[in-house]
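Computed from a predicted structure; not experimentally measured. Heavy-atom basis, side chains included; hydrogens, waters and symmetry copies ignored.
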Amino acid sequence: MDTKQYRYTGKNFKIKKAPTFVADSSDELKKIKKQVKKNLKRIREAQKKMYARRHYSVLVVFQAMDAAGKDSMIAHIFSGVNPVGFKVANFKQPTSQELRHDYLWRINRELPLRGDIGVFNRSYYEDVLVSRVHPEIILNSNLPGIHSLKDVDDHFFEKRYQDIREYEKYLTRNGYIVLKFFLHVSKDEQKRRFLARIDQPEKNWKFSAADIRERQYWDQYQAAYEKAIDATATKENPWYVIPADDKWYSRLIVSDIITKRIEKLPLSYPELDEQQAAELKKARQRLLNEK
């Protein structure tokens, strides 16, 4: 499928113009699920080669409003991937220890190893999203020059956008493939999913009163996402804004993007040199000679 329409690389992102739903007939659901399954198989095969070579790492970043489907996306897209070379990191409110370090300190600790796939369920972008909606969070960081809310201004966040752009350049130079996804859900669909969490007993555990409180800041969050995506989308590390009202279609788009990007890497299993091949042959013979 053509995913270029969801890819943003420069100063042209307008969140109101980005779709949250792609019209699809219900009879295509089987085709969508079938293609997702094929993509997952290709991701698993590529991961095996990447793990064997240990040259590259893939970092998949998911950002979204509450109930946009991040958890189910991760569960579906990476089902069957070898857990030895795969990890998921969830970033919540910083701890007291984390606040005593720079805001990227906790991020570095969770980066995937070379050869692995890592997923960030929320990420360092929280520091220009939640912190922009609730700037009082920044005051807890004891940053030099930040004494009151008026110090947490546009200039402050412009510097953070610059930090992030440079950080992602640094990761890219060190063999990381950074794939950034914003699961773009509509306010009406979020409401429907929240109601389902309340009305269906098996989903009650997913509901949090904090979700409703944050929903009151919907417009502020939309503005924060627009600014962050617009400021940090580059040709080398673009943002993918995925319509997320239809969960299966969003899984199709994301799995397709990940599959094609990983398969662009020069992946192959390591080849043995003459000495290693000779040692392998000797090992085989010793096993065959065992009584």
Side-chain angles (χ1 to χ4, degrees), residues 8-18 59 61-68 70 89-111 120-172 178 180-187 190 208-234 236-241:
Y8 293 87
T9 60
K11 305 282 185 180
N12 60 351
F13 178 63
K14 300 297 179 184
I15 198 166
K16 288 185 178 180
K17 293 183 179 181
L59 176 61
V61 173
F62 285 111
Q63 290 289 157
M65 298 292 287
D66 294 319
K70 296 188 308 301
N90 298 279
F91 293 97
K92 300 185 183 298
Q93 186 173 339
T95 65
S96 58
Q97 181 190 34
E98 290 169 346
L99 286 172
R100 291 205 273 300
H101 293 81
D102 65 278
Y103 72 96
L104 291 175
W105 178 78
R106 65 175 183 163
I107 304 300
N108 283 319
R109 299 174 72 199
E110 298 295 343
L111 286 174
F120 283 177
N121 187 347
R122 302 191 188 277
S123 67
Y124 44 93
Y125 279 97
E126 292 294 281
D127 293 284
V128 292
L129 293 169
V130 177
S131 295
R132 184 137 203 170
V133 176
H134 300 289
E136 61 274 12
I137 294 173
I138 300 297
L139 298 181
N140 296 326
S141 301
N142 294 318
L143 292 172
I146 304 298
H147 306 295
S148 65
L149 290 179
K150 69 178 182 180
D151 298 318
V152 189
D153 54 12
D154 287 344
H155 179 71
F156 172 85
F157 285 106
E158 286 300 328
K159 292 296 184 183
R160 286 216 161 172
Y161 296 146
Q162 182 181 354
D163 290 342
I164 289 172
R165 290 193 300 268
E166 294 300 325
Y167 182 65
E168 290 175 348
K169 284 183 182 179
Y170 164 80
L171 292 178
T172 301
V178 182
K180 305 180 292 186
F181 296 98
F182 170 49
L183 304 185
H184 189 25
V185 69
S186 67
K187 193 174 185 179
Q190 186 194 62
S208 169
D211 295 340
I212 300 299
R213 289 196 298 270
E214 290 304 292
R215 182 175 164 83
Q216 299 174 36
Y217 300 97
W218 180 273
D219 291 341
Q220 291 93 320
Y221 273 111
Q222 295 293 293
Y225 269 108
E226 181 174 281
K227 291 175 181 176
I229 291 172
D230 197 52
T232 61
T234 66
E236 192 170 43
N237 293 302
W239 268 99
Y240 294 93
V241 180

Minimum side-chain heavy-atom gap Phe156-Asp153 below 4.5 Å | yes
Is the closest side-chain donor-acceptor distance between Glu168 and Tyr124 under 3.5 Å?
-> yes
Check step by step if side chain to side chain contact (heavy atoms under 4.5 Å, CB included) holds for Gln162 and Glu158.
-> CA-CA 6 Å; Gln162 182 181 354; Glu158 286 300 328; over 6 Å; no
Hey, what do you get for CD (Gln190) to CE (Met65), rounding to the nearest 0.5 Å?
-> 5.5 Å
Would you sort out whether Val152 and Ile146 count as a side chain to side chain contact (heavy atoms under 4.5 Å, CB included), showing the intermediate values?
-> CA-CA 7 Å; Val152 189; Ile146 304 298; 4.0 Å; yes
Atom of Arg165, atom of Ala231 and distance for their closest heavy-atom approach | NH1-O, 2.8 Å
Closest approach of Ser123 and Ile107, non-hydrogen atoms and distance?
-> C-CD1, 4.2 Å
Evaluate the side chain to side chain contact (heavy atoms under 4.5 Å, CB included) criterion for residues Gln222 and His184: first the C-alpha distance (whole Å), next the side-chain angles of each, then the deciding distance (0.1 Å), finally the verdict.
-> CA-CA 10 Å; Gln222 295 293 293; His184 189 25; 3.7 Å; yes
Exercise: identify the closest heavy-atom pair between Leu183 and Ala68 | O-CB, 3.7 Å
Using atom types as modelled and distance alone, determine if a side-chain donor or acceptor of Arg100 lies under 3.5 Å from a backbone N or O of Ser96.
-> yes
Kindly check if the number of other-residue, nucleotide or ligand heavy atoms within 6.0 Å of CD (Glu136) is above 12?
-> yes
Could you state the interatomic distance from CG (Leu104) to CG (Leu111), rounded to the nearest 0.5 Å?
-> 9.5 Å
Only residue of Trp239, Phe62, Tyr125, Phe120 satisfying ring-ring contact (aromatic ring centres under 6.0 Å, His included) with Phe181 is Phe62
Ignoring hydrogens and geometry, is there a side-chain-to-backbone donor-acceptor pair from Arg132 to Tyr225 under 3.5 Å?
-> no
Min side-chain heavy-atom separation Thr232-Lys180 under 4.5 Å | yes
Quick one: are Tyr103 and Ile164 in side-chain contact, heavy atoms under 4.5 Å?
-> yes
Would you say Lys187 has more than 12 foreign heavy atoms packed within less than 6.0 Å of its NZ?
-> yes
With rounding to the nearest 0.5 Å, note down the distance linking CD in Glu236 to CG in Leu171.
-> 10.5 Å
Glu98 versus Trp105, closest heavy-atom pair with distance = CG-CZ3, 4.0 Å
Considering non-hydrogen atoms only, spot the tightest contact between Val133 and Ala224 and give its length.
-> CG2-CB, 4.3 Å
Should the pair Asp66-Arg122 be classified as a salt bridge under the 4.0 Å nitrogen-to-oxygen rule?
-> yes
Nearest 0.5 Å, what's the CG-NE2 distance between Asn142 and His147?
-> 11.0 Å
Give every donor-acceptor pair under 3.5 Å between a side-chain atom in residues 8-17 and any protein atom, sequence neighbours left out.
none

Start with the C-alpha gap between Glu126 and Gln63, add the side-chain angles, then the distance that decides, and say whether side chain to side chain contact (heavy atoms under 4.5 Å, CB included) holds.
-> CA-CA 8 Å; Glu126 292 294 281; Gln63 290 289 157; 2.8 Å; yes
With distance as the sole test, does Asp230 use its side chain to make a donor-acceptor pair with the main-chain N or O of Glu226 at under 3.5 Å?
-> no
Rounded to the nearest 0.5 Å, the CG atom of Leu99 sits from the CZ atom of Arg106 at a distance of 8.0 Å
Can a donor-acceptor pair be found between the side chains of Tyr167 and Asn108 at a distance below 3.5 Å?
-> yes
Looking only at heavy atoms, the pair that brings Pro135 and Leu149 closest together is C-CD2, 3.7 Å
